[in-house]
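Values reported hereafter were calculated over all heavy atoms of this structure, with side chains retained and with hydrogens, waters and symmetry mates removed.
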Amino acid sequence: MSFFAELDQQYIDGEWRPGSGSWDIIDFNPYNGEKLASIAVATADEVDQAYRAAERAQSTWAATNPYARRQILERALRVVEDREEEITEAIIAELGGTRLKAAFELRQAKELLREAVQLTLHPEGRILPSPVDGTENRLHRVPVGVVGVISPFNFPFLLSLKAVAPALALGNAVVLKPHQNTPICGGSLVAKVFEDAGLPAGLLNVVITDIAEIDDALIEHPIPKVISFSGSDRVGRHVAVVCAKNFKRSVLDLGGNSALIVLADADIDNAVEAAVFSRYAYQGPVCMAANRILLDRAVEQEFTEKFVAKVRTLTVGDPADPKTVVGPLISSQQADAVGALVDETVEAGATALVRGTVDGNLVTPTVLTDLAPDSPVLTQEILGPVAILLAFDSVDEAVRIANDTRCGLSGSIHTGDVERGVRVARRINTAMLHVNDGTGHDEPVVPFGGEKYSGPEWMNTDGLVDAFTTRKWISVQHGRSSFPF
(Lines give C-alpha, C1' and ligand atoms only; values in the text may rest on other atoms or scores of the structure.)
Protein backbone atom coordinates (compact mmCIF):
# COMPACT_ATOMS: atom_id res chain seq x y z
CA MET A 1 0.00 0.00 0.00
CA SER A 2 1.38 3.39 -0.95
CA PHE A 3 0.28 4.78 2.39
CA PHE A 4 2.69 2.46 4.19
CA ALA A 5 5.49 3.03 1.66
CA GLU A 6 5.37 6.75 2.45
CA LEU A 7 5.80 6.20 6.20
CA ASP A 8 8.33 3.36 6.43
CA GLN A 9 11.10 5.45 8.01
CA GLN A 10 12.26 6.99 11.25
CA TYR A 11 11.23 10.58 12.01
CA ILE A 12 13.97 12.47 13.84
CA ASP A 13 14.38 16.25 14.17
CA GLY A 14 11.79 16.89 11.48
CA GLU A 15 13.42 14.59 8.92
CA TRP A 16 12.25 11.26 7.49
CA ARG A 17 15.18 8.90 7.22
CA PRO A 18 16.03 5.20 7.37
CA GLY A 19 17.31 3.65 10.55
CA SER A 20 20.95 2.61 10.66
CA GLY A 21 20.41 -0.76 12.34
CA SER A 22 21.53 -3.94 10.64
CA TRP A 23 18.09 -5.56 10.46
CA ASP A 24 14.54 -4.66 9.51
CA ILE A 25 11.19 -4.70 11.26
CA ILE A 26 8.77 -6.27 8.79
CA ASP A 27 5.23 -4.96 9.05
CA PHE A 28 2.66 -7.59 8.00
CA ASN A 29 -1.09 -7.54 7.51
CA PRO A 30 -2.13 -10.09 10.18
CA TYR A 31 -5.12 -11.31 8.16
CA ASN A 32 -3.59 -12.09 4.76
CA GLY A 33 0.14 -11.95 5.48
CA GLU A 34 0.74 -9.12 3.00
CA LYS A 35 4.00 -7.28 3.61
CA LEU A 36 3.09 -3.67 4.33
CA ALA A 37 6.49 -2.17 5.08
CA SER A 38 10.11 -2.98 5.84
CA ILE A 39 11.76 -0.57 8.26
CA ALA A 40 15.44 -0.57 9.20
CA VAL A 41 15.53 -0.35 12.99
CA ALA A 42 16.75 2.69 14.87
CA THR A 43 19.86 2.17 16.97
CA ALA A 44 20.65 3.47 20.44
CA ASP A 45 22.60 6.26 18.73
CA GLU A 46 19.46 7.33 16.88
CA VAL A 47 17.49 7.22 20.12
CA ASP A 48 20.11 9.62 21.49
CA GLN A 49 19.75 11.86 18.43
CA ALA A 50 15.97 11.91 18.86
CA TYR A 51 16.18 12.88 22.52
CA ARG A 52 18.74 15.58 21.87
CA ALA A 53 16.62 17.04 19.06
CA ALA A 54 13.65 17.05 21.44
CA GLU A 55 15.69 18.79 24.14
CA ARG A 56 16.85 21.50 21.72
CA ALA A 57 13.32 22.22 20.53
CA GLN A 58 11.50 22.02 23.84
CA SER A 59 12.58 25.24 25.54
CA THR A 60 11.30 27.40 22.67
CA TRP A 61 8.05 25.40 22.56
CA ALA A 62 7.54 25.80 26.31
CA ALA A 63 7.91 29.58 25.92
CA THR A 64 5.45 29.64 23.01
CA ASN A 65 2.12 31.30 23.74
CA PRO A 66 -0.31 28.51 24.69
CA TYR A 67 -2.82 29.92 22.22
CA ALA A 68 -0.27 29.26 19.45
CA ARG A 69 0.24 25.73 20.74
CA ARG A 70 -3.52 25.32 20.70
CA GLN A 71 -3.62 26.15 16.98
CA ILE A 72 -1.24 23.27 16.24
CA LEU A 73 -3.49 20.84 18.12
CA GLU A 74 -6.55 22.20 16.29
CA ARG A 75 -4.84 21.62 12.94
CA ALA A 76 -3.84 18.10 14.00
CA LEU A 77 -7.51 17.36 14.69
CA ARG A 78 -8.45 18.64 11.22
CA VAL A 79 -5.76 16.46 9.63
CA VAL A 80 -7.22 13.38 11.31
CA GLU A 81 -10.74 14.36 10.23
CA ASP A 82 -9.62 14.96 6.63
CA ARG A 83 -7.75 11.63 6.41
CA GLU A 84 -10.25 9.54 8.35
CA GLU A 85 -10.91 7.00 5.59
CA GLU A 86 -7.19 6.54 4.90
CA ILE A 87 -6.47 6.04 8.61
CA THR A 88 -9.35 3.57 8.84
CA GLU A 89 -7.86 1.46 6.05
CA ALA A 90 -4.45 1.58 7.78
CA ILE A 91 -5.91 0.31 11.07
CA ILE A 92 -7.68 -2.52 9.24
CA ALA A 93 -4.54 -3.50 7.33
CA GLU A 94 -1.91 -3.23 10.07
CA LEU A 95 -3.87 -4.29 13.17
CA GLY A 96 -6.46 -6.58 11.68
CA GLY A 97 -8.94 -4.24 13.29
CA THR A 98 -12.51 -4.49 12.06
CA ARG A 99 -14.26 -1.47 10.60
CA LEU A 100 -16.22 -1.19 13.83
CA LYS A 101 -12.99 -1.17 15.82
CA ALA A 102 -11.35 1.39 13.52
CA ALA A 103 -14.37 3.67 13.82
CA PHE A 104 -14.23 3.44 17.62
CA GLU A 105 -10.49 4.15 17.71
CA LEU A 106 -10.82 7.16 15.43
CA ARG A 107 -13.79 8.55 17.34
CA GLN A 108 -11.85 8.31 20.59
CA ALA A 109 -8.73 9.80 18.97
CA LYS A 110 -10.68 12.83 17.79
CA GLU A 111 -12.26 13.34 21.20
CA LEU A 112 -8.82 13.10 22.79
CA LEU A 113 -7.42 15.72 20.41
CA ARG A 114 -10.34 18.02 21.21
CA GLU A 115 -9.52 17.69 24.89
CA ALA A 116 -5.81 18.29 24.19
CA VAL A 117 -6.74 21.54 22.45
CA GLN A 118 -8.29 22.72 25.72
CA LEU A 119 -5.39 21.36 27.75
CA THR A 120 -3.02 23.97 26.32
CA LEU A 121 -4.74 26.56 28.52
CA HIS A 122 -5.28 24.31 31.52
CA PRO A 123 -2.19 24.77 33.76
CA GLU A 124 -2.78 27.47 36.33
CA GLY A 125 -0.48 29.07 38.89
CA ARG A 126 -1.30 29.76 42.53
CA ILE A 127 -0.39 32.41 45.07
CA LEU A 128 0.13 30.85 48.50
CA PRO A 129 0.40 32.61 51.87
CA SER A 130 3.63 32.82 53.84
CA PRO A 131 4.32 33.12 57.59
CA VAL A 132 7.13 35.53 56.69
CA ASP A 133 6.05 39.16 56.44
CA GLY A 134 6.44 40.63 52.97
CA THR A 135 6.87 37.26 51.24
CA GLU A 136 4.74 36.18 48.30
CA ASN A 137 4.80 32.49 47.30
CA ARG A 138 4.13 31.77 43.65
CA LEU A 139 3.51 28.17 42.57
CA HIS A 140 3.84 27.61 38.84
CA ARG A 141 3.00 24.62 36.62
CA VAL A 142 5.76 24.08 34.04
CA PRO A 143 6.41 21.36 31.45
CA VAL A 144 8.56 18.45 32.58
CA GLY A 145 10.71 18.89 29.45
CA VAL A 146 11.02 15.76 27.30
CA VAL A 147 8.70 12.76 27.51
CA GLY A 148 9.43 9.25 26.24
CA VAL A 149 6.34 7.36 25.03
CA ILE A 150 6.07 3.60 24.43
CA SER A 151 2.74 2.57 22.88
CA PRO A 152 1.06 -0.85 22.41
CA PHE A 153 -0.30 -2.72 19.39
CA ASN A 154 -4.00 -2.98 20.24
CA PHE A 155 -5.02 0.69 19.91
CA PRO A 156 -1.76 2.15 18.59
CA PHE A 157 -3.04 5.34 16.99
CA LEU A 158 -5.26 6.25 19.94
CA LEU A 159 -2.87 5.27 22.72
CA SER A 160 0.12 6.97 21.09
CA LEU A 161 -1.94 10.15 20.76
CA LYS A 162 -3.19 9.75 24.32
CA ALA A 163 0.30 10.56 25.60
CA VAL A 164 1.78 12.52 22.68
CA ALA A 165 -0.99 15.12 22.24
CA PRO A 166 -1.32 16.14 25.93
CA ALA A 167 2.46 16.19 26.40
CA LEU A 168 2.84 18.54 23.43
CA ALA A 169 -0.15 20.64 24.48
CA LEU A 170 1.45 21.23 27.87
CA GLY A 171 4.75 22.45 26.37
CA ASN A 172 6.84 19.27 26.25
CA ALA A 173 8.73 17.55 23.47
CA VAL A 174 8.28 13.82 22.80
CA VAL A 175 10.18 10.77 21.59
CA LEU A 176 7.73 8.02 20.62
CA LYS A 177 8.50 4.32 20.18
CA PRO A 178 5.56 2.38 18.75
CA HIS A 179 5.09 -1.38 19.15
CA GLN A 180 7.07 -3.29 16.53
CA ASN A 181 3.84 -4.91 15.22
CA THR A 182 2.23 -1.53 14.56
CA PRO A 183 5.04 0.84 13.58
CA ILE A 184 2.94 2.89 11.17
CA CYS A 185 -0.38 3.40 12.97
CA GLY A 186 1.36 3.78 16.32
CA GLY A 187 4.34 5.80 15.16
CA SER A 188 4.91 7.20 11.67
CA LEU A 189 1.26 8.10 11.18
CA VAL A 190 1.22 10.12 14.39
CA ALA A 191 4.36 11.97 13.27
CA LYS A 192 2.81 12.67 9.86
CA VAL A 193 -0.35 14.10 11.45
CA PHE A 194 1.66 16.59 13.50
CA GLU A 195 4.06 17.37 10.68
CA ASP A 196 1.11 18.26 8.45
CA ALA A 197 -0.34 20.30 11.32
CA GLY A 198 2.82 22.46 11.33
CA LEU A 199 4.47 21.25 14.54
CA PRO A 200 8.04 22.64 14.63
CA ALA A 201 10.83 20.16 13.93
CA GLY A 202 12.27 18.24 16.84
CA LEU A 203 9.22 18.41 19.09
CA LEU A 204 7.95 14.98 18.07
CA ASN A 205 10.39 12.24 17.10
CA VAL A 206 9.51 8.63 16.23
CA VAL A 207 12.01 5.80 16.61
CA ILE A 208 10.92 2.44 15.23
CA THR A 209 13.02 -0.18 16.92
CA ASP A 210 13.06 -3.09 19.37
CA ILE A 211 14.52 -3.83 22.77
CA ALA A 212 16.74 -6.42 21.06
CA GLU A 213 18.48 -3.50 19.34
CA ILE A 214 18.44 -0.71 21.94
CA ASP A 215 18.00 -2.60 25.25
CA ASP A 216 16.84 0.02 27.82
CA ALA A 217 18.30 3.05 26.03
CA LEU A 218 14.89 4.65 25.57
CA ILE A 219 14.09 4.69 29.29
CA GLU A 220 17.60 5.04 30.74
CA HIS A 221 18.57 8.03 28.60
CA PRO A 222 19.31 11.07 30.82
CA ILE A 223 17.15 13.56 28.88
CA PRO A 224 13.54 12.37 29.35
CA LYS A 225 12.04 13.18 32.73
CA VAL A 226 8.87 11.11 32.21
CA ILE A 227 8.33 7.75 30.52
CA SER A 228 4.75 6.94 29.48
CA PHE A 229 4.17 3.23 28.85
CA SER A 230 1.06 1.33 27.75
CA GLY A 231 1.22 -2.45 27.68
CA SER A 232 1.54 -5.52 29.86
CA ASP A 233 2.09 -5.37 33.61
CA ARG A 234 5.19 -7.56 33.18
CA VAL A 235 6.94 -5.00 30.98
CA GLY A 236 5.38 -2.15 32.97
CA ARG A 237 7.07 -3.37 36.15
CA HIS A 238 10.42 -3.34 34.36
CA VAL A 239 9.81 0.18 33.06
CA ALA A 240 8.88 1.34 36.57
CA VAL A 241 12.03 -0.18 38.08
CA VAL A 242 14.36 1.35 35.50
CA CYS A 243 12.66 4.73 35.86
CA ALA A 244 12.94 4.60 39.64
CA LYS A 245 16.64 3.77 39.45
CA ASN A 246 17.15 6.79 37.21
CA PHE A 247 14.88 9.16 39.20
CA LYS A 248 12.33 9.44 36.40
CA ARG A 249 8.58 9.55 36.64
CA SER A 250 6.76 6.61 35.04
CA VAL A 251 3.19 6.90 33.76
CA LEU A 252 1.82 3.37 33.36
CA ASP A 253 -1.33 2.16 31.60
CA LEU A 254 -1.21 -1.61 32.08
CA GLY A 255 -3.36 -4.71 31.67
CA GLY A 256 -6.63 -5.75 33.22
CA ASN A 257 -8.72 -8.76 34.21
CA SER A 258 -12.14 -7.16 34.41
CA ALA A 259 -15.21 -8.80 35.92
CA LEU A 260 -18.70 -8.22 34.56
CA ILE A 261 -21.20 -9.13 37.30
CA VAL A 262 -24.81 -10.05 36.53
CA LEU A 263 -27.09 -9.92 39.59
CA ALA A 264 -30.39 -11.76 39.81
CA ASP A 265 -32.51 -8.66 39.10
CA ALA A 266 -30.57 -7.63 35.98
CA ASP A 267 -32.00 -7.05 32.50
CA ILE A 268 -30.55 -10.28 31.06
CA ASP A 269 -30.81 -9.30 27.40
CA ASN A 270 -28.94 -6.05 28.05
CA ALA A 271 -26.35 -7.85 30.17
CA VAL A 272 -25.76 -10.40 27.39
CA GLU A 273 -25.20 -7.68 24.79
CA ALA A 274 -22.84 -5.80 27.11
CA ALA A 275 -20.90 -8.96 27.97
CA VAL A 276 -20.49 -10.11 24.36
CA PHE A 277 -19.24 -6.69 23.29
CA SER A 278 -17.01 -6.30 26.37
CA ARG A 279 -15.33 -9.65 25.75
CA TYR A 280 -15.07 -9.91 21.97
CA ALA A 281 -14.43 -6.33 20.82
CA TYR A 282 -11.27 -6.29 18.68
CA GLN A 283 -10.85 -10.04 19.16
CA GLY A 284 -10.23 -9.67 22.90
CA PRO A 285 -6.77 -8.13 23.49
CA VAL A 286 -8.19 -5.02 25.14
CA CYS A 287 -7.09 -3.99 28.63
CA MET A 288 -10.67 -3.26 29.72
CA ALA A 289 -12.16 -6.46 28.25
CA ALA A 290 -14.47 -8.53 30.44
CA ASN A 291 -12.30 -11.59 31.03
CA ARG A 292 -14.61 -13.00 33.70
CA ILE A 293 -18.41 -12.94 33.53
CA LEU A 294 -19.92 -13.58 36.97
CA LEU A 295 -23.51 -14.83 37.09
CA ASP A 296 -25.94 -15.06 39.98
CA ARG A 297 -26.97 -18.70 40.03
CA ALA A 298 -30.63 -17.68 39.71
CA VAL A 299 -29.98 -16.33 36.18
CA GLU A 300 -27.05 -18.52 35.19
CA GLN A 301 -28.98 -20.79 32.85
CA GLU A 302 -30.92 -18.04 31.07
CA PHE A 303 -27.86 -15.82 30.65
CA THR A 304 -25.65 -18.69 29.50
CA GLU A 305 -28.10 -19.88 26.84
CA LYS A 306 -28.54 -16.37 25.43
CA PHE A 307 -24.84 -15.56 25.67
CA VAL A 308 -23.77 -18.72 23.85
CA ALA A 309 -26.40 -18.17 21.17
CA LYS A 310 -25.16 -14.60 20.63
CA VAL A 311 -21.52 -15.66 20.48
CA ARG A 312 -22.31 -18.26 17.81
CA THR A 313 -23.60 -15.46 15.55
CA LEU A 314 -20.31 -13.49 15.57
CA THR A 315 -18.75 -13.35 12.11
CA VAL A 316 -15.06 -14.25 12.04
CA GLY A 317 -12.82 -13.38 9.10
CA ASP A 318 -11.63 -10.52 6.93
CA PRO A 319 -11.54 -7.31 9.00
CA ALA A 320 -12.13 -5.27 5.84
CA ASP A 321 -15.59 -6.83 5.52
CA PRO A 322 -18.10 -4.60 7.39
CA LYS A 323 -19.90 -7.72 8.59
CA THR A 324 -16.85 -9.08 10.41
CA VAL A 325 -16.92 -8.81 14.20
CA VAL A 326 -13.87 -10.93 15.07
CA GLY A 327 -10.78 -10.42 12.92
CA PRO A 328 -7.26 -11.82 13.29
CA LEU A 329 -5.00 -11.54 16.30
CA ILE A 330 -1.88 -9.49 15.74
CA SER A 331 0.49 -12.45 15.25
CA SER A 332 0.65 -16.23 14.97
CA GLN A 333 2.49 -16.35 18.30
CA GLN A 334 -0.42 -14.68 20.05
CA ALA A 335 -2.98 -16.84 18.26
CA ASP A 336 -1.12 -20.03 19.19
CA ALA A 337 -0.78 -18.86 22.80
CA VAL A 338 -4.54 -18.30 23.08
CA GLY A 339 -5.23 -21.70 21.55
CA ALA A 340 -2.81 -23.39 23.97
CA LEU A 341 -4.40 -21.60 26.93
CA VAL A 342 -7.84 -22.91 25.98
CA ASP A 343 -6.49 -26.44 25.50
CA GLU A 344 -4.80 -26.43 28.90
CA THR A 345 -7.90 -25.10 30.65
CA VAL A 346 -10.20 -27.71 29.09
CA GLU A 347 -7.72 -30.51 29.87
CA ALA A 348 -7.78 -29.30 33.50
CA GLY A 349 -11.54 -29.91 33.66
CA ALA A 350 -13.25 -26.80 32.27
CA THR A 351 -16.25 -27.19 29.97
CA ALA A 352 -16.15 -25.51 26.55
CA LEU A 353 -19.68 -24.38 25.69
CA VAL A 354 -18.18 -22.97 22.51
CA ARG A 355 -14.77 -24.31 21.46
CA GLY A 356 -12.78 -21.98 19.27
CA THR A 357 -10.30 -22.99 16.62
CA VAL A 358 -7.01 -21.48 15.48
CA ASP A 359 -6.41 -20.95 11.77
CA GLY A 360 -3.32 -18.88 11.20
CA ASN A 361 -3.99 -15.64 13.07
CA LEU A 362 -7.76 -16.17 13.13
CA VAL A 363 -9.07 -17.47 16.45
CA THR A 364 -12.79 -18.15 16.69
CA PRO A 365 -14.62 -17.40 19.96
CA THR A 366 -14.48 -19.72 22.96
CA VAL A 367 -16.82 -19.81 25.97
CA LEU A 368 -15.60 -21.70 29.06
CA THR A 369 -17.39 -22.66 32.26
CA ASP A 370 -17.00 -25.12 35.19
CA LEU A 371 -13.50 -23.87 35.96
CA ALA A 372 -11.81 -24.90 39.19
CA PRO A 373 -11.56 -22.02 41.69
CA ASP A 374 -7.76 -22.19 41.51
CA SER A 375 -7.57 -22.27 37.71
CA PRO A 376 -4.62 -20.09 36.61
CA VAL A 377 -6.64 -18.61 33.76
CA LEU A 378 -8.92 -16.83 36.25
CA THR A 379 -6.15 -14.53 37.46
CA GLN A 380 -4.56 -13.55 34.15
CA GLU A 381 -5.36 -11.26 31.26
CA ILE A 382 -6.53 -13.21 28.20
CA LEU A 383 -5.39 -11.56 24.97
CA GLY A 384 -7.92 -13.27 22.72
CA PRO A 385 -11.61 -14.09 22.15
CA VAL A 386 -12.13 -16.31 25.21
CA ALA A 387 -14.96 -15.74 27.71
CA ILE A 388 -15.18 -17.32 31.15
CA LEU A 389 -18.55 -17.79 32.86
CA LEU A 390 -18.59 -18.22 36.64
CA ALA A 391 -21.61 -18.71 38.92
CA PHE A 392 -21.97 -17.24 42.42
CA ASP A 393 -24.47 -17.73 45.24
CA SER A 394 -24.25 -14.36 46.97
CA VAL A 395 -23.10 -10.81 46.37
CA ASP A 396 -20.30 -11.35 48.88
CA GLU A 397 -19.03 -14.26 46.80
CA ALA A 398 -19.24 -12.20 43.60
CA VAL A 399 -17.21 -9.41 45.20
CA ARG A 400 -14.62 -11.91 46.45
CA ILE A 401 -14.22 -13.44 42.98
CA ALA A 402 -14.04 -10.04 41.30
CA ASN A 403 -11.30 -8.95 43.71
CA ASP A 404 -9.29 -12.17 43.29
CA THR A 405 -6.91 -10.75 40.72
CA ARG A 406 -3.76 -8.67 40.78
CA CYS A 407 -5.33 -6.25 38.28
CA GLY A 408 -7.78 -3.45 38.98
CA LEU A 409 -8.68 -1.55 35.84
CA SER A 410 -12.34 -1.85 34.87
CA GLY A 411 -15.52 -3.80 35.49
CA SER A 412 -19.30 -3.61 35.46
CA ILE A 413 -22.36 -4.61 37.48
CA HIS A 414 -25.77 -5.35 35.98
CA THR A 415 -28.79 -4.95 38.22
CA GLY A 416 -32.33 -3.62 38.24
CA ASP A 417 -31.45 -1.41 41.21
CA VAL A 418 -28.91 1.22 40.16
CA GLU A 419 -27.98 2.21 43.72
CA ARG A 420 -27.46 -1.43 44.63
CA GLY A 421 -25.07 -1.63 41.69
CA VAL A 422 -23.20 1.40 43.00
CA ARG A 423 -22.92 -0.20 46.45
CA VAL A 424 -21.45 -3.36 44.93
CA ALA A 425 -19.09 -1.29 42.76
CA ARG A 426 -17.72 0.48 45.84
CA ARG A 427 -16.67 -2.91 47.27
CA ILE A 428 -14.63 -3.96 44.24
CA ASN A 429 -10.94 -3.02 44.24
CA THR A 430 -11.04 -1.70 40.70
CA ALA A 431 -10.58 1.88 39.59
CA MET A 432 -13.39 2.14 37.05
CA LEU A 433 -16.79 0.46 37.40
CA HIS A 434 -19.86 0.83 35.19
CA VAL A 435 -23.42 0.02 36.22
CA ASN A 436 -25.63 -1.59 33.54
CA ASP A 437 -23.07 -1.11 30.79
CA GLY A 438 -19.99 -2.68 29.28
CA THR A 439 -16.48 -2.61 30.73
CA GLY A 440 -14.73 -0.67 27.96
CA HIS A 441 -15.11 3.06 28.54
CA ASP A 442 -12.63 5.89 28.11
CA GLU A 443 -13.89 9.46 28.01
CA PRO A 444 -11.31 12.27 27.75
CA VAL A 445 -13.07 14.49 30.31
CA VAL A 446 -13.29 11.72 32.94
CA PRO A 447 -10.23 10.47 34.88
CA PHE A 448 -8.92 7.14 33.56
CA GLY A 449 -6.73 4.91 35.70
CA GLY A 450 -6.16 1.67 37.53
CA GLU A 451 -5.40 -0.01 40.82
CA LYS A 452 -2.87 -2.68 41.75
CA TYR A 453 -0.97 -4.11 38.74
CA SER A 454 -3.09 -2.20 36.25
CA GLY A 455 -1.00 0.88 36.95
CA PRO A 456 -1.56 3.47 39.70
CA GLU A 457 -1.59 6.60 37.56
CA TRP A 458 -4.70 8.50 36.51
CA MET A 459 -4.87 10.03 33.05
CA ASN A 460 -7.25 12.40 31.24
CA THR A 461 -8.11 15.94 32.43
CA ASP A 462 -6.16 16.92 35.56
CA GLY A 463 -4.30 13.60 35.52
CA LEU A 464 -2.58 14.64 32.30
CA VAL A 465 -1.45 17.90 33.86
CA ASP A 466 -0.03 15.94 36.79
CA ALA A 467 1.69 13.49 34.43
CA PHE A 468 3.35 15.95 32.06
CA THR A 469 4.04 19.04 34.17
CA THR A 470 5.92 19.73 37.36
CA ARG A 471 5.67 22.42 40.03
CA LYS A 472 8.03 25.34 40.49
CA TRP A 473 7.97 27.43 43.67
CA ILE A 474 9.18 31.01 43.32
CA SER A 475 9.02 33.25 46.37
CA VAL A 476 9.33 37.01 46.29
CA GLN A 477 10.28 39.12 49.32
CA HIS A 478 8.72 42.52 48.80
CA GLY A 479 10.20 43.97 51.96
CA ARG A 480 13.37 42.91 53.73
CA SER A 481 13.94 39.61 55.46
CA SER A 482 15.42 39.38 58.92
CA PHE A 483 18.25 36.87 59.33
CA PRO A 484 19.53 35.50 62.67
CA PHE A 485 23.20 36.09 61.86
Open item on the list: Around atom OH of Tyr453, are there more than 12 heavy atoms from other residues, nucleotides or ligands closer than 6.0 Å?
Closed with: no
Open item on the list: Can you confirm whether the side chains of Arg279 and Asn291 place a donor and an acceptor under 3.5 Å from each other?
Closed with: yes
Can you give me every donor-acceptor pair (side chain of residues 114-121, partner residue at least two apart or in another chain, under 3.5 Å) with its distance?
from, atom 1, to, atom 2, distance (Å)
Arg114, NH1, Glu111, OE2, 2.9
Arg114, NH2, Glu81, OE2, 3.2
Thr120, OG1, Val117, O, 2.7

- [ ] Would you please name every residue forming a side-chain contact (heavy atoms from CB on, under 4.5 Å) with Asn361, sequence neighbours left out?
- [x] Pro30, Pro328, Ser332
Task: Pairs touching residues 248-279 that satisfy ring-ring contact (aromatic ring centres under 6.0 Å, His included), sequence neighbours left out - done: none
- [ ] With the side chain counted from C-beta on, respond yes when Thr315 and Asp321 share a heavy-atom pair under 4.5 Å apart, and no when they do not.
- [x] no
Task: Short side-chain donor-acceptor distance under 3.5 Å, Asp265 and Thr415 - done: yes
Just list the side-chain donor-acceptor pairs under 3.5 Å for residues 372-386, sequence neighbours left out, or say none.
from, atom 1, to, atom 2, distance (Å)
Thr379, OG1, Pro376, O, 3.1
Glu381, OE2, Gly256, N, 3.3

Task: Test item: Val424 and Val399 side chains (from C-beta on) under 4.5 Å apart, heavy atoms - done: yes
Task: Closest approach of Leu254 to Leu409 (non-hydrogen atoms, all atoms of both residues) - done: O-CD2, 4.1 Å
Open item on the list: If the condition is salt bridge (Lys or Arg N to Asp or Glu O under 4.0 Å), which residues does Glu220 pass it with, not counting sequence neighbours?
Closed with: none
Task: Ion pair check, Glu397 and Arg297, cut-off under 4.0 Å - done: no
Open item on the list: Suppose we screen for side chain to side chain donor-acceptor pair (under 3.5 Å). Which residues come up paired with Thr182, at least two apart in sequence or across chains?
Closed with: none
Open item on the list: Students often mix this up, so state it plainly: with edges at 30° and 60°, are the rings of Phe155 and Phe104 parallel, tilted or perpendicular?
Closed with: perpendicular
- [ ] Please confirm whether the backbone N or O of Asn32 pairs with a side-chain atom of Asn29, one donor and one acceptor, at under 3.5 Å?
- [x] yes
Task: Backbone N/O of Gly327 and side chain of Gln283: donor-acceptor pair under 3.5 Å - done: yes
Open item on the list: Quick test of your reading of the model: are Arg237 and Asp233 salt-bridged, counting only N-O distances below 4.0 Å?
Closed with: yes
Open item on the list: Looking at every non-hydrogen atom in both residues, tell me the closest pair between Lys101 and Gly97 and how far apart they are.
Closed with: CD-CA, 4.2 Å
Open item on the list: Taking the side chain as everything from C-beta on, heavy atoms only, tell me whether Leu100 gets closer than 4.5 Å to Tyr282.
Closed with: no
Open item on the list: One pair to check against side chain to side chain contact (heavy atoms under 4.5 Å, CB included): Ile388 and Leu390. What are the steps and the verdict?
Closed with: CA-CA 7 Å; Ile388 295 171; Leu390 301 169; 3.9 Å; yes
Open item on the list: Per the ring-ring contact (aromatic ring centres under 6.0 Å, His included) rule, what does the pair list look like for residues 230-250, sequence neighbours excluded?
Closed with: none
Task: Residues Ser258, Thr430; criterion side chain to side chain contact (heavy atoms under 4.5 Å, CB included); working and verdict - done: CA-CA 8 Å; Ser258 300; Thr430 293; 5.9 Å; no
Task: Exceeds 12 heavy-atom contacts within 6.0 angstrom, atom NZ of Lys306 - done: yes
Task: Donor-acceptor contact below 3.5 Å, side chain Asp215 vs main chain Ile211 - done: no
Task: Closest heavy-atom pair and its distance - Val435, Val422 - done: CG2-N, 4.1 Å
Task: Working for side chain to side chain contact (heavy atoms under 4.5 Å, CB included), residues Leu263 and Arg420 - done: CA-CA 10 Å; Leu263 301 181; Arg420 182 190 187 199; 3.8 Å; yes
TODO: Could you tell me whether Lys162 and Asp442 have a side-chain N and a carboxylate O separated by less than 4.0 Å?
DONE: yes
Task: Phe307: ring pair (Phe, Tyr, Trp, His ring centres under 6.0 Å) partners, not counting sequence neighbours - done: Phe303
Open item on the list: Between Leu158 and Leu161, is there a side-chain heavy-atom distance shorter than 4.5 Å?
Closed with: no
Under 3.5 Å, which donor-acceptor pairs link side chains of residues 145-152 to any protein atom two or more places apart or in another chain?
from, atom 1, to, atom 2, distance (Å)
Ser151, OG, Ser160, OG, 2.8

Open item on the list: Regarding Asp318 and Lys323, does a basic nitrogen lie under 4.0 Å from an acidic carboxylate oxygen?
Closed with: no
Open item on the list: If you count heavy atoms of other groups shown closer than 6.0 angstrom to CG of Asp417, is the number above 12?
Closed with: yes
Task: NZ/NE/NH1/NH2 to OD/OE distance under 4.0 Å, Glu419 and Arg423 - done: no
Open item on the list: Give me each pair satisfying ring-ring contact (aromatic ring centres under 6.0 Å, His included) with a member in residues 402-437, each pair once, sequence neighbours excluded.
Closed with: His434-His441
Task: Flag side-chain contact, heavy atom, 4.5 Å: Arg471 against Asp466 - done: yes
- [ ] Verify, without hydrogens or angle tests, whether Ser278 (side chain) and Ala289 (backbone) share a donor-acceptor contact under 3.5 angstrom.
- [x] no
TODO: Please answer whether the main-chain N or O of His221 pairs with a side-chain N or O of Lys248 as donor and acceptor at a distance below 3.5 Å.
DONE: yes
Open item on the list: For a 4.5 angstrom cut-off between non-hydrogen side-chain atoms, does Phe468 reach Leu168?
Closed with: no
Task: Separation between CG of Asn270 and CG of Asn436, rounded to the nearest 0.5 Å - done: 6.5 Å
- [ ] Give, for atom CG of Asn154 and atom CG of Leu329, the distance between the pair rounded to the nearest 0.5 Å.
- [x] 11.5 Å
Task: Any side-chain heavy-atom pair of Phe28 and Glu34 under 4.5 Å - done: no
Open item on the list: Rounded to the nearest 0.5 Å, what separates atom CD in Glu273 from atom CG in Asp437?
Closed with: 11.5 Å
Task: Shortest non-hydrogen separation from Leu7 to Ile184 and the atoms involved - done: O-CD1, 3.1 Å
TODO: Using the side chain to side chain contact (heavy atoms under 4.5 Å, CB included) rule, take Phe392 and Ile261 through it: C-alpha gap first, then chi angles, then the decisive distance, then the call.
DONE: CA-CA 10 Å; Phe392 61 83; Ile261 301 173; 4.0 Å; yes
- [ ] Starting at CZ of Arg99, measure out to OG1 of Thr324 and round the result to the nearest 0.5 Å.
- [x] 10.0 Å
TODO: Would you confirm whether Asn403, through its side chain, and Asn429, through its main-chain N or O, come within 3.5 Å as a donor-acceptor pair?
DONE: yes
- [ ] Taking the side chain as every heavy atom from C-beta outward, state whether Leu368 and Thr366 have any pair of such atoms under 4.5 Å apart.
- [x] yes
Task: Pairs involving residues 337-346, ordered by first then second residue, that meet side-chain hydrogen bond (donor to acceptor under 3.5 Å, both in side chains) (sequence neighbours left out) - done: Asp343-Arg355
- [ ] Would you give the length of the straight line joining atom CD1 of Ile428 to atom CD1 of Ile401, rounded to the nearest 0.5 angstrom?
- [x] 11.0 Å
Task: Any donor-acceptor pair under 3.5 Å from Arg249 side chain to Ala467 backbone - done: yes
TODO: Calculate, to the nearest 0.5 Å, the distance between atoms CG and OG belonging to Asp253 and Ser454 respectively.
DONE: 9.0 Å
Task: Results of side chain to side chain donor-acceptor pair (under 3.5 Å) for Lys452 - residues two or more places apart only - done: none
